[in-house]
Amino acid sequence: MSVTFTPCRPGFGAECTGVDISQPLTAEQAAAVDAGMDRFGVLIFRHPVPLTTEQQVTFTLNFGEQEPPYTQIQAAGGVRIADPGISDISNLGPDGSILSGDDRKRMSGLGNQLWHSDSSYKAIPARYSLLNAHVLPPDGGDTQFADMRAAYDALHAKMKARIEDLVCEHSRIFSKGTLGIPFTESELRAFAPVRQRLVRTHPKTGRKSLFLSSHAGRILGWPAPEAQILIRELTEHATQREFVISHTWKVGDLVMWDNRTTMHRARPYDDTVFPRDLRRTTVTDGVMTVAQMAA
Ligand code: OGA
Ligand code: MN
């Protein structure tokens with residue numbers, strides 16, 4: 001079976017068939033999927049049942065190294081999934097019950113409803129995220145993706161010139177802080193802002209994209225209000241309907257996205273009533289954006 005892509009919209013997002021994601025891939029299949037990522041930025045794999053942790057990690061390692069473990073905001077009772085290679089994208093506590101409205105992990109998880117790029121608050125951010133659906137609510141809880149290449153292309157030449165060499169500061173203090181989530185002293189230290197280029201160039205395709213995220217809060221050398229205004233203006237531009245696709249999950253689906261060229265957000269659902277359990281593996285990009293040339 002050959003690897004086939006059915007685009008969601010021209011050039012952005014595609015359903016990928018012809019690979020069994022629960023089995024080891026051949027080098028050719030892995031290369032074909034990676035090439036699909038370069039073209040489409042988001043790939044959807046339908047699978048009848050959720051993957052085991054081992055299957056998801058094996059599939060992930062076709063595309064690079066997993067991110068090292070990092071300080072996470074925990075549920076009151078501790079962690080539900082002990083494996084540090086899996087991010088628990090759920091509204092569940094360690095005993096599997098739905099988190100209460102005021103649980104810190106729940107509050108922090110609400111931050112996924114802001115447009116973002118995963119781990120942009122780390123000096124070395126994420127390349128690919130792979131999210132697999134285990135349990136879904138009866139409605140709501142879609143995930144949306146915005147094409148940051150198309151958004152960049154659509155900017156006026158003047159704006160492109162203005163932002164070409166800008167460097168932003170990213171931190172969870174900006175994203176979760178905006179939501180009013182209080183931090184401990186040690187979190188504040190762990191969440192010190194990191195620098196990210198605002199315009200990135202894809203190393204293989206040479207296409208430029210906007211590197212925005214809810215975690216972006218300042219622009220180096222700029223007064224804070226001007227930086228906020230520009231970041232918000234660009235985010236508004238980049239998340240217009242013409243750049244966005246929406247994924248409605250089925251149990252077993254695995255969606256893989258390129259954090260270099262896309263932003264994503266969760267859509268709301270009745271999260272104090274219904275469980276939603278998705279599990280993420282993340283491939284590191286291995287290099288700081290400020291160490292990369294914009295052009
Ligand atoms: C994530 C994320 C969105 C969602 O897993 O990084 O932002 O819809 N998920 O759960
Ligand atoms: Mn995310």
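When a ligand or atom number is given, it counts from 1 through the structure's own listing order. Here the structure is a predicted model, which means the values were calculated and not measured.
With ligand atoms numbered from 1 in the order given, ligand 1 contributes 5 (O), 9 (N) to contacts under 4.0 Å with heavy atoms of L131. The distance from ligand 1 to the heavy atoms of D118 drops below 4.0 Å at these ligand atoms: 6 (O). For ligand 1, the atoms lying closer than 4.0 Å to a non-hydrogen atom of H116 are 7 (O).
Checking T143 against H247 by side-chain atom types alone, no donor-acceptor pair falls below 3.5 Å. Checking H47 against N132 by side-chain atom types alone, no donor-acceptor pair falls below 3.5 Å. For the residue pair Q196 and S120, no side-chain donor N or O sits within less than 3.5 Å of a side-chain acceptor on the partner. Between the side chains of S129 and N259, at least one donor N or O sits under 3.5 Å from an acceptor N or O. Side-chain contact, D83 with T53: no donor N or O sits under 3.5 Å from an acceptor N or O.
Shown are R80, R279, R280; of these, the side-chain contact (heavy atoms from CB on, under 4.5 Å) with I86 is made only by R279.
Within H264, NE2 is the N, O or S atom that lies nearest to the Mn ion (ligand 2). When the Mn ion (ligand 2) is compared with the N/O/S atoms of D118, atom OD1 turns out nearest.
Classification of the F145-W257 ring pair by plane angle, with boundaries at 30° and 60°, yields tilted.
With ring centers used as reference points, F274 lies 6.0 Å or more from Y269.
Residue nearest to atom 2 (C) of ligand 1, selected from R265, Q144, H264, R279: H264 (by heavy-atom distance).
By the 3.5 Å distance cut-off applied to N or O atoms, R267 is not counted among the residues near ligand 1.
Nearest non-hydrogen protein atom to atom 3 (C) of ligand 1 is A266 CB, 3.7 Å. The closest protein non-hydrogen atom to atom 6 (O) of ligand 1 is R280 NH1, 2.7 Å. When only non-hydrogen protein atoms are considered, atom 8 (O) of ligand 1 lies nearest to T143 OG1, 2.5 Å. Atom 10 (O) of ligand 1 has as its closest protein heavy atom R276 NH1, 2.8 Å.
Residue contacts with ligand 1, taken as heavy atom pairs separated by less than 4.0 Å, involve W257 solely via side-chain atoms from C-beta onward.
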